[in-house]
Amino acid sequence: MAGKPKLYYFNGRGKMESIRWLLATVGVEFEEVFLENREQYEGLLKEGALLFHLVPMVEIDGMKLEQTKAILQYIAGKYNLYGKDLKERVFIDMYVEGTTDLMELIMSHPFLLPEDKAKHIEVIKEKAKKRYLPIYEKVLQDHGENFLVGNKLSSADVQLLEAILMVEEKSADILSEFPLLQAFKERISKIPTIKAFLQPGSKRKHQPDDTYVATVREVLRMY
C-alpha cells in the first residue's frame, strides 16, 4: 500500500496551496515537510530530489514531482477531477490557467516593498473585477450547469473557489456584481471535503506573513 503523499514546501500558501486544496477535495491525507532554512533546500539538491531545483515538490506514488501544473494535472487525473475526454480537459486547463494568473498576482503581493502595496491592492481588485471574474460569470451563465466544465466537479472548480476566497481577502465585496459566482462559491464550499478544509485546524494555510516572506527569501536567496 502506497504511503501518504509528502509535500515539500514552506509553511505557507504559495504555489503549494492549490495542491493542498486538490488533495483535500478528494479526501487524500498528506504529510508536509516545511523548508525553514537554506540547508534543508541544499540537502534536497544534494540528494537529487529536486530535478528542476524547484519547490513545490511532491512525493506521490513512488515519484518525486516538481512543476506545479504537472502535479495538479496528475492529481486531477488520478482522482477523476479532470473531465471525461480531451475536449473537457482542455477547457479545465484553460480555466485553471486563468485562475492561476489571478492567484499569482495575489501571491506576489507580500513580497513587494511596503510603499508599493497599497497601489498593488488596487491593481488586484481592478483586474479581478474587470477581467477575471466576468469571464467565469459568463462561463457559468453560458454553460448552464453547477460546474465550469461538464456536469461534475473538476479541478477548475476547486481552483476557482480558491481564487475567489483569495480575492475576497483583499476586497470582501468583490462578488457583489456576480450573482452566479456568489451561488457557485456557496455551492462548492458545501462539498463535505472542501467544507472540512475551510474549517480552522485543517491544513489550509493562513495568508502569508512577514515570517513566511523572510523564510522564502532566505531559502531561495531572493535578495
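Here the side chains of Phe184 and Glu137 are not in contact, with every heavy-atom distance at 4.5 Å or above. In this structure the side chain of Val28 reaches within 4.5 angstrom of the side chain of Pro5, judged on heavy atoms. For the pair Met57 and Phe52, the minimum side-chain heavy-atom distance is 4.5 Å or more. Residues Val158 and Ile188 form no side-chain contact, since every pair of their non-hydrogen atoms from C-beta on lies 4.5 Å or further apart. Inter-residue side-chain proximity for Val123 and Lys127 is flagged as met; some heavy-atom pair is nearer than 4.5 Å.
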- Message: Lys203 vs Leu23, test: side-chain contact (heavy atoms from CB on, under 4.5 Å). Steps then yes/no.
- Response: CA-CA 11 Å; Lys203 290 188 174 180; Leu23 288 170; over 6 Å; no
- Check step by step if side chain to side chain donor-acceptor pair (under 3.5 Å) holds for Asn11 and Glu32. CA-CA 9 Å; Asn11 187 10; Glu32 299 193 80; over 6 Å; no
- Message: Show, in sequence, the C-alpha distance, side-chain angles and deciding distance for Leu44 and Lys64, and conclude whether the side-chain contact (heavy atoms from CB on, under 4.5 Å) test is met.
- Response: CA-CA 11 Å; Leu44 290 171; Lys64 289 182 172 69; over 6 Å; no
- Task: Take Glu59 and Tyr8, measure what side chain to side chain donor-acceptor pair (under 3.5 Å) needs, and give me the verdict at the end.
- Result: CA-CA 8 Å; Glu59 289 185 3; Tyr8 293 78; 3.1 Å; yes
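To the nearest 0.5 Å, the span separating CH2 on Trp21 from NZ on Lys205 amounts to 13.0 Å. Distance check: Leu133 CG to Leu160 CG gives 8.0 Å after rounding to the nearest 0.5 Å. Note: Glu218 CD to Glu36 CD = 10.0 Å, rounded to the nearest 0.5 Å. With rounding to the nearest 0.5 angstrom, the NZ atom of Lys190 is 10.0 Å from the CZ atom of Arg187. A distance of 4.0 Å separates CD1 of Ile71 from CD1 of Ile19, quoted to the nearest 0.5 Å. Taking NZ from Lys170 and CD1 from Ile121, the interatomic distance works out to 4.5 Å, rounded to the nearest 0.5 Å.
Comment: Glu177 engages Lys129 in a salt bridge, judged by a side-chain N to carboxylate O separation of less than 4.0 angstrom. One finds a salt bridge joining Glu42 and Arg38 here, because a Lys/Arg side-chain nitrogen approaches an Asp/Glu carboxylate oxygen to under 4.0 Å. Glu122 and Lys119 are not joined by a salt bridge, as no carboxylate oxygen comes within less than 4.0 angstrom of a charged side-chain nitrogen. A salt bridge links Asp61 with Lys78: the distance from a Lys NZ or Arg NE/NH1/NH2 to an Asp or Glu carboxylate oxygen falls below 4.0 Å. Using a 4.0 Å cut-off between charged side-chain N and carboxylate O, Lys84 and Glu88 make a salt bridge. Between Lys4 and Glu29, at least one side-chain nitrogen of the basic residue sits less than 4.0 Å from a carboxylate oxygen of the acidic one, meeting the salt-bridge criterion.
With a 6.0 Å radius and a threshold of 12 heavy atoms from other residues, nucleotides or ligands, Lys125 has its NZ atom above the threshold.
Distance alone, capped at 3.5 Å, places no donor-acceptor pair between the Tyr132 side chain and the Asp101 backbone. Although no hydrogens or angles enter the test, the distance criterion places a donor-acceptor pair under 3.5 Å between the side chain of Asp209 and the main chain of Thr211. A donor-acceptor contact shorter than 3.5 Å links the side chain of Asn37 to the backbone of Gln40. A donor-acceptor pair is defined here as one N or O able to donate and one able to accept, closer than 3.5 Å; such a pair exists between the side chain of Tyr136 and the backbone of Thr99.
Residues Phe10 and Leu45 fall within the same hydrophobic cluster, defined by Ile, Leu, Val, Met, Phe, Trp and Tyr side chains chained together at heavy-atom separations under 4.5 Å. The same ILVMFWY cluster, assembled from side-chain heavy atoms under 4.5 Å apart, contains both Met222 and Met107. Cluster annotation: Met63 is connected to Tyr9 through the hydrophobic network of ILVMFWY side chains, with a link wherever side-chain heavy atoms come within less than 4.5 Å. Residues Val90 and Leu153 share a single hydrophobic cluster, defined by chaining ILVMFWY side chains whose heavy atoms lie under 4.5 Å apart.
Between His109 and His120, the ring-plane angle classifies as parallel under the 30° and 60° cut-offs.
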Show which side-chain atoms of residues 139-147 pair as donor or acceptor with protein atoms under 3.5 Å away, not counting sequence neighbours.
residue	atom	partner	partner atom	Å
Asp142	OD2	Lys138	NZ	2.5
His143	NE2	Gly150	N	3.3
His143	NE2	Gly150	O	2.6

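Under the 6.0 Å distance and 45° angle rule, Lys6 does not count as a cation-pi partner of Phe30.
Glu168 is linked by a side-chain hydrogen bond (donor to acceptor under 3.5 Å, both in side chains) to Lys185, counting only residues two or more places apart in sequence or in another chain.
Screening Val55, Leu51, Val58 against Glu66 for a side-chain contact (heavy atoms from CB on, under 4.5 Å) leaves a single residue, Leu51.
In the model, Tyr95 has no side-chain atom that pairs as donor or acceptor with a side-chain atom of Asp157 under 3.5 Å.
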